[in-house]
Trainee: 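Sharing a structure, written as structure tokens. Questions coming.
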Amino acid sequence: MNLASIPSPSTGVIELGPIPLRGYAFCIIIGVFVAVWFGNKRWIARGGKAGTVADIAVWAVPFGLVGGRLYHVITDYQLYFSDGENWVDAFKIWEGGLGIWGAIAFGAVGAWIGCRRRGIPLPAWADALAPGIAFAQAIGRWGNWFNQELYGKPTDLPWAVEISEGANRVAGTYHPTFLYESLWCIGVALLVIWADRRFTLGHGRAFALYVAAYCAGRAWIEYMRVDEAHHILGLRLNVWTAIIVFVLAVVYIVVSAKLRPGREEIVEPDRDTTPGKDSAKDGSAKADADAKDAADADAKDAADADAQKDPLSKDEPGKGRTAESTEAAAEKG
């Protein structure tokens, strides 16, 4: 018998009049805002412009949501395409089901598009956003608590989460793996912040550190979960994914440190690289240069005119020399 446990919400939806506020979606939205806000502070500290992180997030977030959902649906296709299941449920993202691997991969594609349009390096932007993403994951994991999903094995620990009877679940107390991952992500964010200050990480290494540290935690947390999953050689698919991505992240850190040590000196150019504005700026600069040349020419002409009017500036026949001759003759006399 448990003397203490974490109760689960009786419902994952709060009705605000005609508008349903779903706990899962609310956690995702709050996480995105925190990631953009904190990433913006770090981007400015690196010499970037305010608002750039948000502008690129407009591309990264939708791509990330699509990628996260695709990964979940593909790896858990039996939940939507098996006999008796409704494939339309694959589009009900508010009911839960986002794979972080797909979210990061597709989000990176969206971020690359946004960075390319702004003329800034993707690795520098990713470094600035890395701890914010970890904080966002820490917040987003509480959406699983609202939906009573992704819990671990049964336990009677004081921090066990209470799960009620429902579809594909049995009432009882279980390891709150969503809580473990939330706390782990907070630790990852703090680790990246510390390492970035201590070692001046650049060229994507802060982001790679976030990826490696997250994978290290996800592997053992995933191993505790009891929800249905595909297995390869006795391990859950996401455990293998975490191991492979961890290795790739570590390799990137090592190789990148040798090829491109230090940190980017300039992360965002001063000029506006918005399409259609470069030509306008070039034309304006040319017009300014032409105006300056014309002003210099006018000033030169005016100086020449003044010089011609000044009798002492040039010898004039019958004037300057006559005066000098008269003075010489007076001295002789």
Side-chain angles (χ1 to χ4, degrees), residues 31-64 67-68 100-140 184-218 242 245-270 273:
V32 169
F33 274 104
V34 169
V36 172
W37 169 77
F38 194 68
N40 184 65
K41 291 174 64 69
R42 284 173 51 82
W43 182 252
I44 294 174
R46 286 198 169 198
K49 299 176 184 177
T52 296
V53 169
D55 290 344
I56 297 174
V58 170
W59 288 89
V61 172
F63 272 74
I100 185 61
W101 316 112
I104 293 297
F106 273 62
V109 174
W112 175 80
I113 295 174
C115 288
R116 185 176 177 81
R117 289 171 59 87
R118 293 296 294 261
I120 64 177
L122 174 61
W125 185 85
D127 283 342
L129 204 66
I133 295 176
F135 281 132
Q137 287 180 254
I139 297 171
W184 183 270
C185 286
I186 292 175
V188 169
L190 297 177
L191 171 65
V192 174
I193 294 172
W194 170 81
D196 195 25
R197 293 176 178 175
R198 175 66 177 80
F199 303 105
T200 316
L201 301 177
H203 300 287
R205 288 186 287 277
F207 183 81
L209 175 61
Y210 144 72
V211 172
Y214 171 75
C215 289
R218 178 61 184 266
V245 176
F246 172 82
V247 172
L248 292 176
V250 172
V251 170
Y252 179 88
I253 293 173
V254 174
V255 175
S256 174
K258 293 181 178 179
L259 297 179
R260 307 183 71 182
R263 176 186 288 178
E264 302 90 340
E265 295 183 1
I266 299 176
V267 297
E268 187 168 6
D270 291 333
T273 57

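Along the sequence shown, the residues carry numbers beginning at 1. Scope of the values below: all heavy atoms of this structure, side chains included, with no hydrogens, waters or symmetry mates. Please read these numbers as outputs of a predicted model, since none were measured by experiment.
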Trainee: For a 4.5 angstrom cut-off between non-hydrogen side-chain atoms, does Pro131 reach Trp194?
Mentor: no
Trainee: Would you name the heavy atoms of Ala195 and Leu209 that are closest together and state the gap between them?
Mentor: CB-CD2, 3.5 Å
Trainee: Could you tell me whether Leu190 atom CG has more than 12 heavy atoms of other residues or ligands within 6.0 Å of it?
Mentor: yes
Trainee: From Leu259 CG over to Tyr252 OH, what is the distance, rounded to the nearest 0.5 angstrom?
Mentor: 9.5 Å
Trainee: Which heavy atom of Gly119 sits nearest a heavy atom of Pro269, and at what distance?
Mentor: O-CD, 3.5 Å
Trainee: For Phe33, what residues pass the side chain to side chain contact (heavy atoms under 4.5 Å, CB included) criterion, not counting sequence neighbours?
Mentor: Ile29
Trainee: So, using ring-ring contact (aromatic ring centres under 6.0 Å, His included) as the criterion, who are the partners of Phe63 when residues are at least two apart?
Mentor: none
Trainee: How long is the gap from CG on Leu201 to CD1 on Ile193, to the nearest 0.5 Å?
Mentor: 12.0 Å
Trainee: Say whether, by atom type as modelled, one donor and one acceptor occur between the side chain of Glu268 and the main chain of Gly47 under 3.5 angstrom.
Mentor: no
Trainee: Looking at side-chain heavy atoms only, is the closest gap between Thr52 and Val267 below 4.5 Å?
Mentor: no
Trainee: Where is the tightest heavy-atom contact between Ala212 and Phe246, given as atom of each residue plus distance?
Mentor: O-CD1, 3.2 Å
Trainee: What distance separates Leu129 CG from Asn40 CG, expressed to the nearest 0.5 Å?
Mentor: 10.0 Å
Trainee: For residues Ala130 and Ala206, report the shortest heavy-atom separation together with the two atoms involved.
Mentor: CB-O, 4.0 Å
Trainee: Between Arg42 and Asp127, is there a donor-acceptor pair closer than 3.5 Å when you use the side chain of the first and the backbone of the second?
Mentor: yes
Trainee: Drop me the distance from Ile120's CD1 to Ile56's CD1, to the nearest 0.5 angstrom.
Mentor: 3.0 Å
Trainee: So, using ring-ring contact (aromatic ring centres under 6.0 Å, His included) as the criterion, who are the partners of Phe135 when residues are at least two apart?
Mentor: Phe38
Trainee: Quick one: closest heavy-atom pair of Ala136 and Val32, and the distance?
Mentor: CB-N, 4.4 Å
Trainee: Hey, are the side chains of Val245 and Arg218 touching, using non-hydrogen atoms and a 4.5 Å cut-off?
Mentor: no
Trainee: So, do Asp196 and Arg46 sit near enough that their side-chain heavy atoms are less than 4.5 Å apart?
Mentor: yes
Trainee: Kindly indicate whether the side chain of Ile104, heavy atoms from C-beta on, has any atom under 4.5 Å from the side chain of Tyr214.
Mentor: no
Trainee: Looking only at side chains, do Ser256 and Arg205 share a donor and an acceptor under 3.5 Å apart?
Mentor: yes
Trainee: I'd like to check the side chain to side chain contact (heavy atoms under 4.5 Å, CB included) partners of Trp37; sequence neighbours left out, ordered by chain and number.
Mentor: Lys41
Trainee: Mind checking what makes side chain to side chain donor-acceptor pair (under 3.5 Å) contact with Tyr210, not counting sequence neighbours?
Mentor: Gln137
Trainee: Taking only residues at least two apart or on different chains, which pairs with a member in residues 54-64 satisfy side chain to side chain donor-acceptor pair (under 3.5 Å)?
Mentor: Asp55-Arg118
Trainee: Do you know which two heavy atoms are closest between Gly204 and Pro123, and how far apart they sit?
Mentor: N-CB, 3.5 Å
